[in-house]
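Chain letters run A, B, ... following the sequence lines, proteins first, then strands; residues in each count from 1. None of the values given here were measured: they were computed from a predicted structure.
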Amino acid sequence: MKIASWNVNSLKARLPNVLAWLEAAQPDVVCLQEIKCQTADFPRLEIESAGYEAHVLGQKSYNGVALLSRQPIEDVLYGLPGDPADEQARYVEGTVAGVRIASLYLPNGNPVGTEKYPYKLAWMDRLYHHARGLLATEQPFVLAGDYNICPTDDDVYDPVGWREDALCRPESRAKFRSLLNLGLTEAYRLFHDEPHRYSFWDYQAGRWYRDEGLRIDHFLLSPRASDRAQGCEIDKEPRGREKASDHTPVVLDLA
DNA sequence: ATGGTAGCCTTGCTA
């Protein structure tokens, strides 16, 4: 089963690119982030015509996540539990062929020093508690998405310049490590130890052209899911296209 | 050189 994660930075603006990539890459499951549309405005006909069932948690202008699958999706959970007052659309989870799969868009957290940073850290605490609950079910699971975390300095083109950024701050990285310390595995690093492999390049200042990016899109696997992992690749092709998202898809291959 | 780009339907906010 090929599971993809892609922050598309507006599904409406990206629809031709997304449809072309689905046709070329043929993923079985797709976790989308930053669709930037309300659930009612999701391009359901086009996505279903491409062969996918879609479960969507939308939001006007900002955020918004979706879980697409060629096989049926069961027991869908909309929103990350733990804060009923949180109205930001950042989490959707469902079961495909016995595997629990989440599409998540973790808060960016910048600027540090505003309420955005504690919101990010609190969201990570909620994810930690939710992951603990999932582990207790003993069902294999995959938490896929834009984590807005560079796990180590090897995942940043300029670690010194980014040291104080919410994506690289020690508190953010510590909470990411706490997820790993639960027993979860970050899939890309199972298969690749080379530094400076990125999933995001800012639109500004020629970052893509100079390959100055960040690796912030990740798959966290439960022990039983990691036993089934057969590969994890960053597909850079979509980032080089016209009208590209600033993120490119990452694909996990699960037996 | 203290900028730059992209998407939102806002004329600024988020990334």
*asked:* So, taking the atom named CD in A:Glu46 and the one named OH in A:Tyr52, what distance separates them when rounded to the nearest 0.5 Å?
replied: 15.0 Å
Whole angstrom is fine here: how far is it from [atom1] in [X] over to [atom2] in [N]?
X        : N      : atom1 : atom2 : value
A:Tyr117 : B:dT14 : OH    : C1'   : 18 Å
A:Gln88  : B:dC13 : CD    : P     : 16 Å
A:Asn7   : B:dT14 : CG    : P     : 16 Å
A:Arg207 : B:dA15 : CZ    : C1'   : 14 Å
A:Gln33  : B:dT14 : CD    : C1'   : 16 Å
A:Tyr119 : B:dT14 : OH    : P     : 12 Å
A:Phe200 : B:dA15 : CZ    : C1'   : 7 Å
A:Lys60  : B:dT14 : NZ    : C1'   : 16 Å

_Spacing of the C1' atoms in B:dA6 and B:dT11 (rounded, Å)_ = 16 Å
*Determine the interatomic distance between P on B:dG4 and the same-named atom on B:dC9; round to the nearest Å.*
24 Å
_Return whichever of A:Leu11 or A:Asn108 has its heavy-atom-nearest nucleotide of DNA chain B closer to the 5' end._
A:Leu11
*Pick the nucleotide of DNA chain B nearest each of A:Tyr62 and A:Ile35; which residue has the one closer to the 5' end?*
A:Ile35
*Please step through salt bridge (charged side-chain N to carboxylate O under 4.0 Å, His left out) for the pair A:Glu237 and A:Arg241, ending with a clear verdict.*
CA-CA 7 Å; A:Glu237 188 275 334; A:Arg241 292 178 82 102; 3.0 Å; yes
*Only one of A:Asp211, A:Thr248, A:Asp246 passes side chain to side chain donor-acceptor pair (under 3.5 Å) with A:Trp201; say which it is.*
A:Asp211
*Identify which one of A:Asn108, A:Thr114, A:Asp86 satisfies the side chain to side chain donor-acceptor pair (under 3.5 Å) criterion when paired with A:Tyr119.*
A:Asp86
Would you say [X] reaches [N]'s phosphate, i.e. side-chain N/O to OP1/OP2 under 4.0 Å?
X        : N      : result
A:Lys116 : B:dT14 : yes
A:Lys36  : B:dC9  : no
A:Ser61  : B:dC9  : yes
A:Arg14  : B:dG7  : yes

_Side chain of A:Tyr203 (C-beta onward), nearest among B:dA15, B:dA6, B:dG7_ = B:dA6
*Any idea which of B:dC9, B:dG7, B:dT5 is nearest the A:Gln204 side chain?*
B:dT5
*Would a distance-only check, ignoring hydrogens and angles, find a side-chain to backbone donor-acceptor pair under 3.5 Å from A:His55 to A:Glu93?*
no
*Base, sugar-phosphate, or nothing for A:Tyr105, non-hydrogen atoms under 4.0 angstrom?*
sugar-phosphate
